[in-house]
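Here is the structure we will look at, set down as structure tokens.
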Amino acid sequence: MKRDNRHRKTWSYWNTYQHPFEHLQAYSNSSLIVKNSSQTTLDCNTYNYSTIDSNDFDDFVFSELEQSENIDVIFDTNIEDIGLEGTEYIFRVSENLDCSARYVFDSRPNKSPFSMKQIFKGIFVEFHEPLENFKPHLMDFSDKDQFHFFYSLPLGKAKYLFESTYYTSLNMDSELMTNEVHDYIKEKYGDGYSVVREEYGEIPLTTNIKLNENKSNYIKIGIPAGSTRASTGYTFLNIQKQADEYIRMLNGKKFIEYPKTFKNKILRKMDNLLLMIIRDHPSESKKILFEMFNRNKAKRIIRFLSDTPTLVDIISIIWNMPKVIFIKYAIKSFTASKI
Ligand SMILES: Cc1cc2nc3c(=O)[nH]c(=O)nc-3n(C[C@H](O)[C@H](O)[C@H](O)COP(=O)(O)OP(=O)(O)OC[C@H]3O[C@@H](n4cnc5c(N)ncnc54)[C@H](O)[C@@H]3O)c2cc1C
């Protein structure tokens with residue numbers, strides 16, 4: 001894949017973790033609405049909800065890499081296999097490339113299909129004038145029988161992103177999703193807009209992560225290494241945390257990989273229950289999620305969703321969850337396979 005063909009993504013996240021790409025944040029929101037049959041506002045003053053365009057990220061990162069004398073970036077090369085010979089990893093590639101390494105950081109996606117995915121279709125639009133009545137929505141749940149919501153963000157002047165998102169085990173029709181985004185925009189804000197571009201994505205939602213072997217120099221990173229928060233799809237900040245951890249490792253410092261920490265194990269268990277409930281009771285789950293936003297302090301929810309909760313955050317969020325369904329699924333999870 002050539003650099004220009006890289007899948008363009010609009011990464012958003014709450015500022016809960018410092019990273020070297022903060023200067024690329026183009027847009028920021030201090031409040032987000034979550035709406036089901038009623039609505040609540042998530043206060044993001046402490047942890048702003050910020051957005052980076054992956055094109056800006058690529059411009060920055062590749063120009064830094066070009067200046068470095070000991071890094072070569074190779075595009076359009078399919079790595080089919082990586083095997084260990086002695087202490088060296090040998091790459092089997094389809095092109096004629098001789099390559100071996102002492103350390104491997106591998107972000108190639110897993111090939112196995114996932115039982116739950118976050119599927120979304122985003123439309124970037126420009127209105128003739130800025131929308132006076134626009135408010136960013138993190139989740140505007142539809143009244144479908146599926147776990148489905150619309151997401152909307154302002155992207156400067158009269159530009160906006162509107163997205164239709166499903167958490168589902170099914171395949172979705174992208175064209176149908178496009179149409180429902182247009183219907184949503186027209187119903188709320190009228191049709192005085194033009195389409196700037198579109199974005200489609202599928203993010204695996206799974207707690208079934210194969211952890212990296214201790215002390216191995218072959219290290220899975222990114223989504224296949226469990227960077228995605230299974231119940232939300234948020235991944236970007238976890239990837240930054242993971243990069244920081246491996247920099248520490250290469251500098252000989254000790255650390256515990258995040259998926260192996262006690263906190264992450266608890267969160268994965270919770271996410272597994274949540275995903276099972278979403279899969280089996282999508283409509284009911286919308287109420288559960290809405291109540292989570294309604295009953296907990298904004299800072300707690302944001303830390304929880306961003307994978308940086310304190311133990312007190314986790315306990316209060318569990319406390320405020322509907323008990324009966326969670327206990328039922330906690331018992332079920334002993335015999336069911338992980339999502
Ligand atoms: C459209 C979209 C929007 C997203 N928005 C958000 C967001 O708002 N917030 C958030 O937190 N997360 C978001 N995510 C999730 C996540 O942050 C991104 O997917 C992120 O780019 C994942 O990084 P990665 O390194 O795991 O995978 P990728 O960025 O997909 O990197 C994998 C790389 O491996 C290469 N590759 C694959 N197979 C081979 C092979 N056989 N040989 C050689 N190279 C190979 C690919 O070409 C690719 O460059 C989004 C994802 C998508 C798809």
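In listed order, ligands and their atoms are each counted from 1. We're numbering straight along the sequence, starting at 1.
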(message) Please classify the Thr10 to ligand 1 contact at 4.0 Å (heavy-atom distances, strictly less than): side chain, backbone, both or neither.
(response) backbone
(request) Give me the one residue out of Phe57, Phe236, Trp11 that meets ring-ring contact (aromatic ring centres under 6.0 Å, His included) with His19. (result) Phe236
(request) Pick whichever of Thr232, Ile221, Ile223, Ile239 has a heavy atom sitting closest to atom 23 (O) of ligand 1. (result) Ile239
(message) Could you go through Ile52 and Tyr27, starting from their C-alpha distance and side-chain angles, then the distance that decides it, and tell me whether this counts as side chain to side chain contact (heavy atoms under 4.5 Å, CB included)?
(response) CA-CA 7 Å; Ile52 292 182; Tyr27 313 103; over 6 Å; no
(request) Would you kindly specify which portion of Pro109 sits under 4.0 Å from ligand 1, judged on non-hydrogen atoms: side chain, backbone, both or neither? (result) side chain
(request) Would you please test His182 and Val195 for side chain to side chain contact (heavy atoms under 4.5 Å, CB included) and show each step? (result) CA-CA 10 Å; His182 283 297; Val195 173; 3.6 Å; yes
(message) Ring centroids only, cut at 6.0 angstrom: are Tyr189 and Phe134 within range, meaning strictly under it?
(response) yes
(message) Looking at Lys188 and Asp140, is there a salt bridge between them, counting it only when a charged N and a carboxylate O are closer than 4.0 Å?
(response) yes
(message) Can you confirm, on distance only, whether ligand 1 has an N/O atom lying under 3.5 Å from any N/O atom belonging to Lys9?
(response) yes
(request) Test Lys35 against Phe150 for side chain to side chain contact (heavy atoms under 4.5 Å, CB included), laying out the working first. (result) CA-CA 10 Å; Lys35 189 160 167 272; Phe150 292 97; over 6 Å; no
(request) May I ask you to decide if Thr10's main-chain N or O and Glu199's side chain share a donor-acceptor pair within less than 3.5 Å? (result) yes
(message) Only heavy atoms of Tyr200, strictly under 4.0 Å: list the atoms of ligand 1 that pass.
(response) 1 (C)
(request) Answer with side chain, backbone, both or neither: which part of Glu199 has a heavy atom less than 4.0 angstrom from an atom of ligand 1? (result) side chain
(message) Could you work out, for atom 14 (N) of ligand 1, the closest of Thr228, Leu161, Ile203, Asp106 by heavy-atom distance?
(response) Ile203
(message) Among Asn78, Asn5, Thr77, Leu237, which one puts a heavy atom closest to atom 44 (N) of ligand 1?
(response) Thr77
(request) Return a yes/no value for Ser12: is any of its N or O atoms, backbone included, closer than 3.5 angstrom to an N or O of ligand 1? (result) yes
(request) Please verify whether a non-hydrogen atom of Tyr13 lies at under 4.0 Å from ligand 1. (result) no
(message) I'd like to check whether Thr235 has a polar contact with ligand 1, where a contact means an N/O of the residue lying under 3.5 Å from an N/O of the ligand.
(response) yes
(request) Report the distance from atom CG of Leu170 to atom OG of Ser115, rounding to the nearest 0.5 Å. (result) 11.5 Å
(request) Answer yes if the ring centres of Phe105 and Tyr246 are under 6.0 angstrom apart, and no otherwise. (result) yes
(request) Report the member of Phe236, Phe120, Phe105 with the shortest heavy-atom distance to atom 2 (C) of ligand 1. (result) Phe120
(message) Quick check on contacts: which atoms of ligand 1 are under 4.0 angstrom from a heavy atom of Gly222?
(response) 26 (O)
(message) Out of Arg6, Arg108, His7, Arg8, who is nearest to atom 38 (N) of ligand 1 when you count heavy atoms only?
(response) Arg108
